[in-house]
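One structure is given below, encoded as structure tokens.
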Amino acid sequence: MSTFIEDEEGASGASGGASFVDTKKDAGGEDSDCELLEYERQMLIDLQHIDGLVICAKGIHYNRVVLALLRALCDPANLVIVMNCSDTEEKFYRSKLNSRHVHETATNTKEREKMYLEGGIHFITTRILVVDLLKNRIPIEMITGIFVLRAHTVIESCQEAFALRLYRQRNRDGFVKAFCNSAESFTFGYGHVERVINNLYVNELFVWPRFQQLIQVTLKKYEPVIVEFHIKMTPKMTSIQTYILEIMNYLVKEVKRINPNIDMQEVTVENCVTKKFHKILQLQLDTVWHQLSQQTKMLISELKTLRSLMITTIYHDCISLYATVQRYRKTEYAMNCSGWVLLDAAEQMFETAKRRVFNADDEFDPEWGAKWQSLSDILRVEIPNDIKLNAEQRKNKSAVVLILCQDNKTCYQLSQFLMMGAERLLLNMALKNDVKVVKMSKNYQKIEVTKGIEIKIHGSDAKPSADEGTSSTAQLNDPDELQGEEIEEDPLDAYQDSYIMTMTLDGAAEQDLDVSTQMETGVFSQIPPTEREKCVAKPIICIQTFKSNTNDSLSLEATLRDLDPQYVVMFHCNVTAIRQLEVHEARLRRNEEDRMKVFFLLHAETIEEQSYLTNLRREKQAFEHLIETKKTMVIPRRINELEERQMEEEVLDEKASRRNAETQKQVMKIVTDMREFRSDLPCLIHKLGIEVIPITLTIGDYVLTPEVCVERKSISDLIGSLNSGRLYNQCTQMVRNYPVPILLIEFDQNRPFYLQDRYMISNDTVSNSDIKQKLQLLTLHFPKLRIVWSPNPYATAQLFYEMKQNKPEPNEKLCSVIGSDSHDAEVLEKFNTEIHDFLLRLPGVTEKNVMKLMKSFRDFKELLKATQEELQEPLGNRENAKLLWDILHVPHKAKVETSTTTKFPNAKFKNRKFQKRKQ
């Protein structure tokens, strides 16, 4: 049994927490395209009459179960809403459902209201759904149910929880069915599972780990044939790995020595090399980051740097590693780092990285990637031999080979390796990375002659060897820098996430040869995906990443379904991909001799193997935690309408008096700008019992009373508004139209309540003192303006609640008219609010002329074609027209920092973290 296909170990330990029923009852109604496996049928049966949360293991996807439920409900008599769905998932479901009853999301409000009344299935963004629920555009009582995907992201303050709360307040008969594939997300924080279940308003938790017995039985019947290649890293690679671990151990000890009073338990060498190291650091240090010394921040940054070096050593070629470490060997970096480059281990790492590229005679002779030769042997020897052994069953069919790797760069590199060979690929990599070469080894001199690559060599003493003659194109006596005369730069789309190739032979005899012979002697060549069907009797090699550019694992499932490969080569290890291969084979239910053959390429006893096993261990521990939590978890019981009526009748007198008191007391209302529903604050305000009225406001973001108007700013928005002058205009409008204008500066709830200098404020925008000075000028210019500081949205919601006590309620119709033309607020609902916000950020566009500009031009194409004279009429004057035309057509160069005294000159403000700008 392969170590990569998990066995039944641990299944018995889970049986006490979850009651899984092993049934083979068919759910019925599926066609061949939506056939369910045994455990998927059980999922469907569990959810048939119960509102529940289903948590699946990675690779054990819930998409077929959701599709079966949607097919059963795809009817005009039902109104079903799907939330939190990715574009890839939505495309998959739409392609499998009846298009007549699956509606597109309309931008116009009236069209959406009409579609809601037509029933069917609606894939809606959460922000639009919340606004439509608040404005009663959706007949909430008629909603049959809601599906929530990626349910682990539904926290108390998110829009999904807001929409579900609005739904459950007026509809207690409809269902809620939630799904997710991330068990580890429920291990962070206290009571995370209980909070998510309460936010989803479901009654049951269903856990489906890989070691669940029904999944084990289902997948074990049709498991693919496994062949493992345990590849040893080269001695130099092993040495570099040892040196990097030694440096990381030193840095970890330094971090703990400098900060003895901070909990650094999770900052270990083992965690430093894992994929989720940045998340571990964020959980440990985010709240105290502003209190850490500059040296501590530098040490943590260098741990990330060394982790990237470790990944480059294992997964990428020696040229990329050498070019990377050369940047850290420069004097400028050594003067500004913590000193790890001066350690003996660092010097030995630099020297070993160089020796992987140059031999003892300083000749350019880079070593191959450790897995390249094994990949070539699989394609040239192993697979052809297997084809010959099964020639009778195959009947000369086309052999389809799928090679899976981690990232786009490796995907591109493998395609180049197969087409041009290792030597030529490494030479091209050296040319593109500006690696200085003095002498070439004999192997690469032969490549120059045969391939005709014209290069130039560093050093005037390099001369052509006598055996090359005059026919060689290499200019070995040129003192200029190494540069590729015939090597073009990679195009922008060179790093794709998939490549399709075939193998061809010279001459017309290839049609008479079988597939195995073509693979043994053929030459790799890339073909467009559209021509794959033409290669009937040729081998097809598809190189693909585990996930597409959209970070969606459904891309691999689609590839397996379309290609149906006979052979799969796992160039890197991935838990999700391995299980997807198992599920794909279980769906086909083929005989053992017809099943796919999977080749695993693994560096044994290395960081790669440790990372794979660590991911398995963490997921298993997460599911065991969920199963134990389910035993003791208390889920609030949702009462139905009949039970509610009985309870009301029992305490009728008591409740009648309370109702009379509540009717006399007016419900609190807050008028909220439509664009504010991208934040968490409206959800938290509504949770306090305050009615949220969504309206497009021209002035302010929140109107609490007829006198109080609030403009909310996050830290990043505050800095941008101060730099652009937009905040000055907003404060001017608030002061003119409201007696009590308030500027609310709100911090992120996951960050410390502290205006930091080098952490959140970077020197290429404004400094901490600049912000304070501009805020002082703002208060001097607007004496009526109140500035309120809030640590998080929860504190802001509580502040609004207290400010609303015993105050008159705002008039929403009056609020929408203040500061704009009487009809602008209604007209704006017909336009895209995101485009409206984007235009307001352009020079020359103001609140007064933005609506006229949007009415004058149909789209951005017309706006870009407009002349300054055509822009002058909607913008009001020639100056605004020139400003807008210049920003759209005149090239603008980036600002160059000339000061030599400024600290961190290359820093920029991004996501409130201090990061270096990429040169």
Side-chain angles (χ1 to χ4, degrees), residues 51 53 66 69-70 73-74 78-87 89-91 93-94 97 101-180 196 198-202 670 672-687 690-696 828-834:
D51 293 351
L53 167 62
V66 175
L69 291 168
L70 290 176
L73 297 167
C74 191
N78 299 315
L79 176 57
V80 179
I81 295 172
V82 183
M83 289 198 314
N84 213 14
C85 184
S86 67
D87 294 338
E89 289 174 325
E90 181 179 346
K91 184 178 178 181
Y93 295 133
R94 286 184 181 274
L97 296 170
H101 308 312
V102 181
H103 300 280
E104 299 285 345
T105 303
T107 55
N108 189 286
T109 56
K110 293 183 178 179
E111 292 180 4
R112 287 206 304 273
E113 290 181 16
K114 183 179 178 181
M115 286 194 307
Y116 294 143
L117 295 175
E118 293 176 357
I121 297 174
H122 298 259
F123 294 89
I124 312 175
T125 59
T126 312
R127 177 174 169 267
I128 294 177
L129 177 61
V130 168
V131 174
D132 288 349
L133 288 171
L134 288 171
K135 290 208 165 189
N136 295 320
R137 292 171 182 156
I138 302 180
I140 301 179
E141 295 81 3
M142 297 173 59
I143 297 178
T144 308
I146 296 179
F147 289 92
V148 183
L149 308 185
R150 290 192 293 280
H152 61 279
T153 61
V154 180
I155 59 176
E156 183 183 29
S157 60
C158 71
Q159 298 293 329
E160 288 79 11
F162 193 6
L164 291 170
R165 191 185 318 128
L166 294 171
Y167 165 65
R168 272 294 179 236
Q169 284 178 351
R170 295 172 55 185
N171 187 335
R172 300 191 180 184
D173 296 328
F175 66 79
V176 176
K177 302 185 189 301
F179 302 84
C180 86
V196 170
N198 290 335
N199 294 333
L200 291 170
Y201 293 92
V202 296
I670 291 181
T672 306
D673 186 34
M674 299 273 285
R675 289 154 289 195
E676 279 296 301
F677 283 90
R678 300 171 188 147
S679 66
D680 298 338
L681 186 55
C683 174
L684 299 175
I685 293 174
H686 183 271
K687 192 173 183 181
I690 303 174
E691 183 180 353
V692 178
I693 303 175
I695 288 178
T696 302
L828 186 58
E829 293 187 359
K830 300 180 181 179
F831 294 97
N832 191 326
T833 56
E834 295 182 358

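Atom set for the values below is all heavy atoms of this structure, side chains included, hydrogens, waters and symmetry mates excluded.
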**Complete:** Between the CZ atom in Phe162 and the OG1 atom in Thr126, the distance rounded to the nearest 0.5 Å is 12.0 Å
**From CE (Met142) to CG (Leu117), nearest 0.5 Å** = 6.5 Å
**Asked** Between Cys683 and Cys158, which heavy-atom pair has the shortest distance, and what is it?
**Response** SG-O, 3.6 Å
**Request:** Begin from the C-alpha positions of Asp132 and Tyr116 and carry the test side-chain contact (heavy atoms from CB on, under 4.5 Å) through to its verdict.
**Result:** CA-CA 10 Å; Asp132 288 349; Tyr116 294 143; 2.7 Å; yes
**Complete:** Heavy atoms of Phe175 and Asp51 approach each other most closely as CB-OD1, 3.2 Å
**Message:** For a quick test of reading the model, state the closest non-hydrogen atom pair linking Val148 to Leu200 and the distance between them.
**Reply:** CG1-CD2, 4.1 Å
**Residues that Arg150 engages under salt bridge (charged side-chain N to carboxylate O under 4.0 Å, His left out), provided they are two or more places apart** = Glu89
**Request:** Check the pair Arg112 / Ile128 against side-chain contact (heavy atoms from CB on, under 4.5 Å), numbers first and verdict last.
**Result:** CA-CA 10 Å; Arg112 287 206 304 273; Ile128 294 177; 3.5 Å; yes
**Message:** Can you list everything that forms a side chain to side chain contact (heavy atoms under 4.5 Å, CB included) with Arg94? Sequence neighbours excluded, please.
**Reply:** Glu90, Val102, Glu104, Phe123
**Message:** Nearest 0.5 angstrom please: Ile140 CD1 to Leu166 CG, how far?
**Reply:** 6.5 Å
**Request:** Please check if the side chain of Arg170 supplies one atom and the backbone of Pro139 the other of a donor-acceptor pair under 3.5 Å.
**Result:** no
**Item:** Approximate separation, where rounding is to 0.5 Å, of Asn199 CG and Leu53 CG
**Value:** 11.0 Å
**Message:** Tell me if a side-chain donor or acceptor on His103 pairs with a main-chain N or O of Gly119 at a distance below 3.5 Å.
**Reply:** yes
**Request:** List the steps and the verdict of side-chain contact (heavy atoms from CB on, under 4.5 Å) for His122 and Val80.
**Result:** CA-CA 6 Å; His122 298 259; Val80 179; over 6 Å; no
**Exam field: side chain Asn84 to backbone Leu149, donor-acceptor pair closer than 3.5 Å** = yes
**Message:** If I compare all heavy atoms of Leu129 with all of Ala163, which pair ends up nearest, and what's the gap?
**Reply:** CD2-CB, 3.9 Å
**Item:** N/O donor-acceptor pair under 3.5 Å between Gln159 side chain and Ser679 backbone
**Value:** yes
**Message:** I want to check something: taking the side chain as every heavy atom from C-beta on, are Thr696 and Arg675 in contact at a cut-off of under 4.5 Å?
**Reply:** yes
**Fill in**
Interatomic distance, CD1@Ile138 vs CE@Met115, rounded to 0.5 Å, equals 10.0 Å
**Prompt:** What do the steps show when you test Val82 against Tyr93 for side-chain contact (heavy atoms from CB on, under 4.5 Å), and what is the final call?
**Reply:** CA-CA 10 Å; Val82 183; Tyr93 295 133; 5.5 Å; no
**Asked** Is any side-chain heavy atom of Glu691 closer than 4.5 Å to a side-chain heavy atom of Leu134?
**Response** no
**Message:** Out of the candidates Val196, Val176, Leu164, only one should pair with Val202 under the side chain to side chain contact (heavy atoms under 4.5 Å, CB included) rule; please name it.
**Reply:** Val176
**Prompt:** To the nearest 0.5 Å, what is the distance between CG (Asp673) and CD1 (Ile693)?
**Reply:** 13.5 Å
**Which atom of Tyr167 lies closest to which atom of Gly145, heavy atoms considered** = OH-CA, 3.7 Å
**Prompt:** Any idea which heavy atoms bring Asn171 and Ile143 closest together, and the distance?
**Reply:** ND2-O, 3.0 Å
